[in-house]
Amino acid sequence: MSPSLEDCLKLLKGERDEQRLAGLLLVTKFCKGDDLNSLHRVYDAVGLHFLDRLLRTGMGKGSSSESESGSKADNRDAYLQLSVTVLAAFCRVPEIASSKDMSLKIPLILEMMSNESGSSVLEECYEFLYLVSTASEDGIVTLYESGGMKVLASQVSTFPDDSHLMEIAVKLMLLILSKLPLDIVTNDYLSELSVIVVTMARPFAMLQNALKFEVLHLLSTILSSKYLAPLHDALRVMPNGNWSNYMRNGIAAILHSRVAPAERLEALMLAEAMVSILGEHWLIGQINLPDKEDPIPVDRFLLLVLEQSRVEVAVLLNELAYLKYEASKSSSSTAQTILSKQRHVAIAFSLMEKIVKLISNASENEGDLIDESTFTNVIRALNETISVVLEYLQDAKEHGQRKGDDLLASVRIIGSYLAETPIACEVKVRELLEYMLSIEGEDEQSPFYSICFLLPMLCQITMKIEGCKALASSGGHKAVMECLMKLIGPNNYVVENSSCVFLACDTIMNLLLKREQARLSLDESTFVHLLKALAYWTEGTEDSSILMMASSICALIFDFTSEEALLNHPSFDTSSLNSLSRLIARSLALYEQDMCDDAKEEADLHEIVTAGYSRWAHRFPHIRAAVER
């Protein structure tokens with residue numbers, strides 16, 4: 001007759017270890033994993049103390065007197081297999097898995113996994129860890145604090161891609177990252193995270209089942225956090241060069257397939273992170289798709305990422321416009337949905353901005369890899385996207401919206417593209433120029449970054465009369481001057497791109513040189529504060545390019561005013577005038593004394609200062625005295 005559950009329970013409650021061992025062996029033969037009630041009865045009958053002794057004996061930690069059954073070294077594997085298998089089975093009961101007793105077993109299980117003795121029960125160990133960690137906060141914290149990340153990072157590379165062990169390991173890593181702040185995990189396990197990313201790139205590329213999307217989620221979670229700059233640095237120097245190719249293949253497979261929007265977005269997030277780590281050139285490279293036998297041209301991945309980004313921008317901006325201007329604002333979830341979509345569109349914008357950079361900086365090598373047809377397709381897709389973004393800004397303008405990170409990001413992508421093709425969408429850009437220069441980010445008190453983003457384009461269009469007229473008629477010249485004052489004044493703003501200062505200077509120079517044709521009018525308050533900022537910028541510097549640029553702008557502004565008028569302004573005093581006098585005197589002397597080769601390169605600027613000085617010196621006796629001294 002087959003033994004019944006009651007027979008097992010009698011053996012488990014026996015006085016001798018032999019009886020309990022026999023009972024456990026019988027349990028493993030017929031007790032099903034989904035029979036939670038029976039598992040609970042067995043757990044109550046066997047008792048935790050016996051299981052603990054059995055586990056320790058199997059690990060070689062028990063003494064000879066500890067086991068009445070007289071277990072020997074050659075039986076340890078059997079004891080270990082039995083104890084871990086039973087523990088994993090018990091933890092299918094949520095009440096047992098969430099108990100403090102099971103959490104306390106985690107360090108012991110991790111120790112066993114790290115030793116050779118644990119190789120025979122590795123799958124059961126991982127199952128135990130996953131069940132205990134998902135059952136309670138205490139479980140996941142104990143796993144993390146006991147060095148679970150180290151064990152995972154060291155073992156996951158040994159698992160077959162399409163294995164149950166790989167599946168459980170991925171779920172465990174996702175669980176840790178979902179429960180603990182990423183900045184803390186990065187600080188504690190930077191090396192392990194970099195190993196995990198490099199290791200998981202291969203299964204991400206090779207898998208063709210649901211686990212592929214779990215790996216995608218894991219990689220995008222790790223690589224897309226704003227706290228992970230140190231991890232990006234670590235990945236740049238990783239020795240395994242194939243991991244970046246596997247990443248490209250995995251992302252291409254996702255984007256090339258019919259997948260859910262969330263998964264497509266995660267793939268784009270991963271692509272954006274990879275470009276941030278390895279640079280824009282990573283977008284150009286051979287890809288291998290499982291369903292494609294013939295080699296795919298190296299520029300096709302670039303087009304795939306661009307096309308998917310273009311689609312995401314169009315969809316997300318349309319959804320954002322609806323949520324912001326038409327949907328009911330009564331729902332508390334609307335604000336969170338808007339924030340989520342703003343973050344998502346920022347990812348697509350970032351990718352497109354990097355593609356703009358790749359195309360504009362195409363060197364001889366890239367020129368060989370990107371053919372004329374690809375260039376044409378890229379430009380067409382970018383033009384379409386910029387048109388969509390301009391329509392989004394037009395909609396925001398009509399609704400009186402000037403503040404928002406999504407609006408600022410829109411200006412940034414427009415500025416990046418127009419820096420390379422300033423005549424693109426020319427009519428619409430000029431219609432919206434004044435509005436774009438007034439846009440503020442959520443944390444800004446006045447427009448600044450929107451102006452910085454547009455400076456490359458503004459500098460180019462003001463090289464022509466029509467561009468100067470467009471900027472002056474919209475009042476954009478004041479915005480540029482105020483931006484420059486923020487960049488070089490006492491409370492100078494810090495920006496990523498240091499070229500912003502000279503771009504603003506060049507734009508102002510272009511306007512001042514064409515002031516008559518552009519019908520430029522300057523109000524006294526604006527140029528007084530700009531003169532003071534220029535004087536502050538040059539105090540103590542020996543950089544000839546700064547001295548000559550500042551003095552050239554001052555020389556052109558002095559055409560509008562006089563020393564007497566400046567001193568009558570409440571914000572201007574003798575100290576300011578003395579600073580400007582020193583600036584003009586130094587700039588004139590710099591060129592005449594032939595101090596360095598840089599001074600020769602500033603000949604055009606010196607000519608502006610010299611010509612200006614001859615026009616207005618009689619109106620500025622203090623400056624004339626300083627020059628003649």
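Here the shortest heavy-atom pairing between Val389 and Ser410 reads CG1-CB, 3.5 Å. Met352 and Ser309 make their closest contact through CG-CB, 3.9 Å (heavy atoms, listed as atom of the first residue, atom of the second, distance). Contact detail for Ala253 and Lys212: the closest heavy-atom pair is CB-CE, 4.0 Å. Residues Met166 and Asp161 share a closest heavy-atom pair of CG-O, 3.4 Å. Minimum interatomic distance between Thr142 and Pro107 (heavy atoms only, all atoms of both residues): CG2-CD, 4.1 Å. In terms of heavy-atom proximity, Arg92 sits nearest to Leu36 at O-CD2, 3.5 Å.
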ask   = Going through the checks in order, is the side chain to side chain contact (heavy atoms under 4.5 Å, CB included) test met by Val388 and Asn318?
value = CA-CA 9 Å; Val388 169; Asn318 184 58; over 6 Å; no

message = Please determine whether side chain to side chain contact (heavy atoms under 4.5 Å, CB included) holds for the pair Leu143 and Leu172, giving the CA-CA distance in whole Å, both sets of side-chain angles, and the decisive distance to 0.1 Å.
response = CA-CA 10 Å; Leu143 174 65; Leu172 266 176; 3.7 Å; yes

query = Which is it for Met59 and Leu108 under the side chain to side chain contact (heavy atoms under 4.5 Å, CB included) test, yes or no, and what are the steps along the way?
reply = CA-CA 9 Å; Met59 293 178 66; Leu108 200 60; 3.7 Å; yes

message = If you apply the rule side chain to side chain contact (heavy atoms under 4.5 Å, CB included), what do you find for Ser194 with Leu231, and how did you get there?
response = CA-CA 6 Å; Ser194 60; Leu231 177 61; 3.8 Å; yes

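Annotation: Phe301 is in aromatic contact with Trp282 [ring centroid separation under 6.0 Å].
The pair Arg343-Asp405 does not count as a salt bridge, with every side-chain nitrogen at least 4.0 angstrom from each carboxylate oxygen. With salt bridges taken as basic N to acidic carboxylate O contacts below 4.0 Å, none links Asp101 and Lys105. Classification of Arg41 and Asp44 as a salt-bridged pair fails, no side-chain N sitting under 4.0 Å from a carboxylate O. Between Glu214 and Lys171 there is no salt bridge, since none of the side-chain N atoms of the basic residue sits less than 4.0 Å from a carboxylate O of the acidic one.
Counted within 6.0 Å of CG on Asn209, heavy atoms from surrounding residues, nucleotides or ligands total more than 12; the atom is thus considered enclosed. The neighbour count for Lys150 NZ, taken as heavy atoms of other residues, nucleotides or ligands under 6.0 Å away, does not exceed 12.
Checking side-chain atoms of Ser99 against main-chain N and O of Ile96 turns up a donor-acceptor pair under 3.5 Å. The backbone N or O of Leu80 lies less than 3.5 Å from a partner atom in the side chain of Ser83, making a donor-acceptor pair. Looking only at distances, a side-chain donor or acceptor of Ser276 sits under 3.5 Å from a matching main-chain atom of Glu272. Ser133 contributes no side-chain N or O that, together with a main-chain N or O of Tyr130, makes up a donor-acceptor pair within less than 3.5 Å. Side-chain N or O atoms of Ser350 include none that pairs as donor or acceptor with a backbone N or O of Ala346 at under 3.5 Å. In this structure, Arg264 contributes its side chain and Ile254 its backbone to no donor-acceptor pair below 3.5 Å. In terms of modelled atom types and a separation under 3.5 Å, the side chain of Gln155 and the main chain of Leu122 share no donor-acceptor contact. No donor-acceptor pair under 3.5 Å is formed between the side chain of His232 and the backbone N or O of Leu278.
In this structure, CG in Leu87 is found 6.0 Å from CD1 in Ile109, a value given to the nearest 0.5 Å. Atom CD of Glu319 and atom OG of Ser340 lie 10.0 Å apart (nearest 0.5 Å). In this structure, Phe128 CZ and Leu110 CG are separated by 9.5 Å, a value rounded to the nearest 0.5 Å. We find the CG-CD distance between Asp299 and Gln286 to be 10.0 Å, quoted to the nearest 0.5 Å. A distance of 12.5 Å separates CD in Glu124 from SG in Cys91, rounded to the nearest 0.5 Å. One distance of note links CG of Leu190 with CE of Met149; it measures 10.5 Å at 0.5 Å rounding.
A donor-acceptor contact closer than 3.5 angstrom is absent between the side chains of Tyr325 and Gln401.
Counting heavy atoms from C-beta on, the side chains of Leu48 and Tyr43 come closer than 4.5 Å. The shortest distance between side-chain heavy atoms of Val195 and Val156 does not fall below 4.5 Å. Residues Leu219 and Met247 form a side-chain contact, since some pair of their non-hydrogen atoms from C-beta on lies under 4.5 Å apart.
Not counting sequence neighbours, the partners of Glu280 by the side chain to side chain contact (heavy atoms under 4.5 Å, CB included) test are Val275, Lys354, Lys357, Leu358. With sequence neighbours excluded, the residues satisfying side chain to side chain contact (heavy atoms under 4.5 Å, CB included) with Glu444 are Leu408, Glu440, Phe448, Tyr449.
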